[in-house]
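Each chain gets a letter, A, B and so on, in the order its sequence line appears, and its residues count up from 1. Side chains included, hydrogens not; waters and symmetry mates left out as well; all remaining heavy atoms used.
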Amino acid sequence: MSSWKPLPVSFYRRPAETVARELLGRWLVRETGGERLALRLVETEAYLGAPDAASHAAGGRRTRRNESLYLPGGYAYVYFVYGMHFCLNAVTGRREVGSAVLIRAGEPVAGEETMRRRRGLADRRPPVRPGDVAGGPGKLCQALGVDRVLDAAPLYRGGLKIVEGEPVPAAAVASGPRVGVDYAGEAALWPLRFAERGNPHVSRPRP
DNA sequence: CGGAAGATCCACT
DNA sequence: GTGGATCTTCCGA
């Protein structure tokens, strides 16, 4: 039985790459309206802050939108993209660093019916396939009801938490280039995307 | 003040 | 594989 104990703040106050690897297998828990939803995390990406051209904090860039990225590790950075999607990050490292981990995919472990309904998948034909519910950063936020209200929220208590679960062994972690950051030059090639090897809920292309 | 782009997703060919 | 949806945010003029 996995533990539902929240990961401590100290877990997040380390390099983004380390946190990204070690978040795999943990459970992202959303408690709202008296219901508990949970996803087992299977895919993450690290964003390193100022030295990383793919990061919203590249070159120390600072705006109203990315302000929460400069919080200390252990808080959520939620942003709106493409006019219709939200993405959830866990801020990492010390305050003012601007590094974070993008939560890209999870597999449902509690409240799947509610997540399907939020995703518009209830009663769908053909049947729902792995990855339809939370196999991508936008899908994951929609399934859990994560939006800008949760920007800057703590991840160790409250309605959105990450709990211990069971870490994925290093040998079962695949890595590759991050998705959707072709504009970032050389940084686009850095292998900062991590996923559980062979897990069907991982978004495509698989690393 | 206008334009462009975006850490995505979906439907369609 | 391709293109459209959709709109906030940011930057340059």
Please work out if R62(A) contacts a base, only the sugar-phosphate, or nothing of the nucleic acid, heavy-atom cut-off 4.0 Å. nothing
Judged by nearest nucleotide, the residue sitting upstream toward the 5' end of DNA chain B, Q142(A) or G180(A), is G180(A)
How long is the line joining CD1 of I103(A) and P of dA7(B), in whole Å? 16 Å
Sugar-phosphate, base or nothing in reach of R193(A), heavy atoms under 4.0 Å: nothing
Go through it in stages, so that I can follow the logic: the residues are E113(A) and R117(A), the test is salt bridge (Lys or Arg N to Asp or Glu O under 4.0 Å), and I'd like the CA-CA distance, side-chain angles, deciding distance and then a yes or no. CA-CA 6 Å; E113(A) 285 310 307; R117(A) 190 172 66 248; over 6 Å; no
I want to verify a distance call: between dT6(C), dA7(B), dT9(C), whose nearest atom is closest to the M84(A) side chain? dT6(C)
Work out how far the P atom of dG4(C) is from that of dA4(B), and round it to whole angstrom. 16 Å
Could you state the CG-C1' distance from N66(A) to dC10(C), rounded to the nearest angstrom? 11 Å
Cluster question for you: counting only ILVMFWY and a side-chain heavy-atom cut-off of under 4.5 Å, with indirect links fine, are L41(A) and V101(A) together? yes
Proximity to the side chain of T63(A) - top-ranked nucleotide from dA7(B), dC9(B), dT9(C): dT9(C)
For a quick check of understanding: with a heavy-atom distance under 4.0 Å over all strands, which category does Y82(A) fall into, base, sugar-phosphate or nothing? base
The residue, H85(A) or R148(A), whose nearest nucleotide of DNA chain C is more 5′ is H85(A)
Quick one: which of dA7(B), dC7(C), dC11(C) gets closest to the side chain of R61(A)? dC11(C)
Touch class at under 4.0 angstrom, heavy-atom based, for G138(A) against every strand present: sugar-phosphate
Would you say a side-chain N or O of R104(A) is under 4.0 Å from OP1 or OP2 of dT8(B)? yes
Residues that, via side-chain heavy atoms closer than 4.5 angstrom, fall in one hydrophobic cluster with Y77(A): Y47(A), L69(A), Y70(A), Y79(A), V81(A), Y82(A), V91(A), L102(A), V181(A), Y183(A)
Whole angstroms only, please: what is the CZ-P distance between R65(A) and dG6(B)? 11 Å
Without decimals, in angstroms, what is the distance between L121(A) CG and dC10(B) P? 8 Å
Electrostatic pair R119(A)-E112(A), nearest N-O below 4.0 angstrom: no
May I have the step-by-step check of side-chain contact (heavy atoms from CB on, under 4.5 Å) for R13(A) and R94(A), ending in yes or no? CA-CA 6 Å; R13(A) 306 221 169 144; R94(A) 302 172 64 85; 5.7 Å; no
Please check the phosphate of dA7(B) (OP1 and OP2 only) for any side-chain N or O of H56(A) closer than 4.0 Å. yes
Shortest side-chain distance from F80(A), nucleotide among dT8(B), dA7(B), dC7(C): dC7(C)
Between dA5(B) and dG3(C), how far apart are the P atoms? Round to whole Å, please. 16 Å
Intra- and inter-strand pairing of DNA chain B, written as dot-bracket with Watson-Crick and G-U pairs under 3.5 Å and | for the latter, reads ||||||.|||||.
Using atom OH of Y79(A) as one end and atom P of dT6(C) as the other, report the distance to the nearest whole Å. 20 Å
Hey, what do you get for CZ (R178(A)) to CZ (R193(A)), rounding to the nearest 0.5 Å? 11.5 Å
Inter-residue atom distance L160(A).CG - L28(A).CG, 0.5 Å rounding: 5.5 Å
Starting from P on dT8(B), measure out to CG on L102(A) and report it in whole angstrom. 7 Å
Could you tell me how far apart R178(A) (CZ) and dG6(B) (P) are, to the nearest whole angstrom? 15 Å
5'-most by nearest nucleotide on DNA chain B - Y183(A) or R119(A): Y183(A)
Please report the distance, rounded to the nearest Å, between OH in Y47(A) and P in dG6(B). 13 Å
Nearest-0.5 Å distance that lies between atom OG1 in T44(A) and atom CD in E22(A): 10.5 Å
